[in-house]
Amino acid sequence: MTFETLSVFPEVFEPYLGVSVLGRARRAGVFDFVAHDLRDWTHDRHRTVDDAPFGGGQGMLMKPEPIFEAVEAISSSGERPHVVFFSPCGRRFDQRCAERLARERRVLLVCGRYEGMDERCYALADEVLSLGDYVLTGGELAALTVIDAVARLLPGALGDEMSAVDESFSPSGLLEYAQYTRPACFRGMGVPEVLLSGDHARVAAWRRESAIERTARWRPDLLDAADITDEERARALELARERERGAL
């Protein structure tokens, strides 16, 4: 799989994508990465990518010409990429979206800046994503988030191939169960006895219960779509109600 970014700050990606899990996966050939500089598709000596908005208003907008030329040129080189733009208007990025993008062979992430971009640019997008209901200075952090979430799902990216399966949101839709490491007792706080028992069946049952309990406590909004039994759902909803009563 190949990730590509289009940005006025292409240098920001390499420090993050060159280290840790992603760095090892990239060096092993699990995925490729290419950063494109949007200013390479400008035609004036100042390499201008922004201009004042029609009708007035605060800030500057990204011009359509460089973005159209860049996306079209990149797309014409090799297999056409799946083109992703970022906007508060976009679909909320989540684990299912990451799993879907992991099936693409080539993804181009277009990073906005300033007060946004000319609305006509979105005609180039195969999809528009949003990380959440807040505003970032630019799309580079959003692009890195998407690359991180997607790349770790690729075969060979993680040392333990089951790591991505057990994580929050995938595949049950629950948060991940609580986890502990040494020491077994820290400042009076002990590790649940079942985790020290060596009984794999009991540990598996405890982890399932822990995942449901943590979801009910922290993200009860996930329960409706979670893959749990009717009995587990009833227990989770009761835990969620207890949490609400406690908050009051």
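As the structure is a prediction and not an experimental result, all values here were calculated from the model.
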Is the shortest side-chain heavy-atom distance between Asp199 and Val194 below 4.5 Å? no
Is any side-chain heavy atom of Pro66 less than 4.5 Å from a side-chain heavy atom of Arg47? no
Show me the donor-acceptor pairs, under 3.5 Å and distance only, between side chains in residues 48-64 and residues at least two apart or in other chains.
residue : atom : partner : partner atom : Å
Thr48   : OG1  : Asp44   : OD2          : 2.7

Can you tell me how far CZ of Arg100 sits from CG of Asp94, rounded to the nearest 0.5 angstrom? 8.5 Å
Measuring only between side-chain heavy atoms, which start at C-beta, is Gln95 closer than 4.5 Å to Leu153? yes
Only one of Val150, Val84, Ile147, Thr2 clears side-chain contact (heavy atoms from CB on, under 4.5 Å) with Val107; which? Val84
Side-chain heavy atoms nearer than 4.5 Å, only ILVMFWY residues, links allowed to pass through others: does that put Leu108 and Val12 together? yes
Does Arg208 use its side chain to pair, donor to acceptor, with the backbone of Tyr177 at less than 3.5 Å? no
Given 3.5 Å as the limit, does a donor-acceptor pair link the side chain of Arg233 with the main chain of Ala226, or not? yes
Salt bridge (charged side-chain N to carboxylate O under 4.0 Å, His left out) with Glu4: which of Arg80, Arg106, Arg105? Arg106
Out of curiosity, Thr137 OG1 to Arg113 CZ, how far, rounded to the nearest 0.5 Å? 6.0 Å
Using modelled atom types only, decide if a donor and an acceptor are shared between the side chain of Thr215 and the backbone of Leu175 within a distance under 3.5 Å. yes
Output, in order, the C-alpha distance, side-chain angles, deciding distance and verdict of side chain to side chain contact (heavy atoms under 4.5 Å, CB included) for Met117 and Ser87. CA-CA 9 Å; Met117 62 181 65; Ser87 167; over 6 Å; no
Any side-chain heavy atom of Leu136 within less than 4.5 Å of one from Phe86? no
Could you tell me whether the side chain of Cys89 reaches within less than 4.5 Å of the side chain of Ser130, counting heavy atoms only? no
Mind checking the CZ-CD spacing from Arg96 to Glu99? Nearest 0.5 Å is all I need. 7.5 Å
Less than 4.5 Å apart, any side-chain heavy atom of Glu104 and any of Glu79? no
Atom OH of Tyr16 with >12 non-hydrogen neighbours under 6.0 angstrom: no
Using every non-hydrogen atom in the two residues, find where Leu174 and Ala211 come nearest and quote the distance to one decimal. CD1-CB, 4.2 Å
Donor-acceptor contact below 3.5 Å, side chain Ser77 vs main chain Ile74: no
Could you pull out the closest heavy-atom pair between Arg243 and Ala216, with the gap in Å? CD-O, 3.8 Å
Leu129 versus Cys97, closest heavy-atom pair with distance: CD2-SG, 3.8 Å
Within the 3.5 Å criterion, strictly below it, is a donor on His43 or Glu65 matched to an acceptor on the partner's side chain? no
If you apply the rule side chain to side chain contact (heavy atoms under 4.5 Å, CB included), what do you find for Leu144 with Leu17, and how did you get there? CA-CA 8 Å; Leu144 278 170; Leu17 296 178; 3.9 Å; yes
What I'd like to find out is whether the side chain of Arg217 reaches to under 4.5 Å of the side chain of Leu239, using heavy atoms alone. no
Asp221 CG: over 12 foreign heavy atoms closer than 6.0 Å: yes
Candidate pair Arg120 and Asp118, rule salt bridge (Lys or Arg N to Asp or Glu O under 4.0 Å), full reasoning: CA-CA 5 Å; Arg120 291 167 290 189; Asp118 187 295; 2.6 Å; yes
Smallest heavy-atom separation, Arg92 atom then Leu131 atom, equals CD-O, 3.6 Å
With side chain to side chain contact (heavy atoms under 4.5 Å, CB included) as the test, would you mind laying out the steps for Leu6 and Trp41 before giving the verdict? CA-CA 11 Å; Leu6 180 62; Trp41 283 273; 4.1 Å; yes
Spell out, yes or no, whether Leu195 and Ile212 are grouped together once hydrophobic residues are joined by side-chain heavy atoms under 4.5 Å, including indirect joins. no
For Ser7 and Phe13 the tightest heavy-atom approach is CB-CE1, 4.0 Å
For Glu140 versus Cys111, what's the shortest heavy-atom pair and its separation? OE2-CB, 3.7 Å
Taking the inter-plane angle between the rings of Phe31 and Phe3 on a 0 to 90° scale, is it parallel (under 30°), tilted (30 to 60°) or perpendicular (over 60°)? perpendicular
Is Arg207 close to Val203 at the side-chain level, that is, under 4.5 Å between some pair of heavy atoms? yes
Going only through I, L, V, M, F, W and Y residues with side-chain contacts under 4.5 Å, is there a path from Val135 to Val110? no
Using a strict 4.0 Å threshold on nitrogen-to-oxygen distance, state whether Arg235 and Glu238 make a salt bridge. no
From CG (Asp148) to CG (Leu22), nearest 0.5 Å: 4.5 Å
Tell me whether Glu231 at atom CD has more than 12 heavy atoms from other residues, nucleotides or ligands lying less than 6.0 Å away. no
Would you say the side-chain atoms of Ser75 pair up with the backbone N or O of Val71, donor to acceptor, closer than 3.5 Å? yes
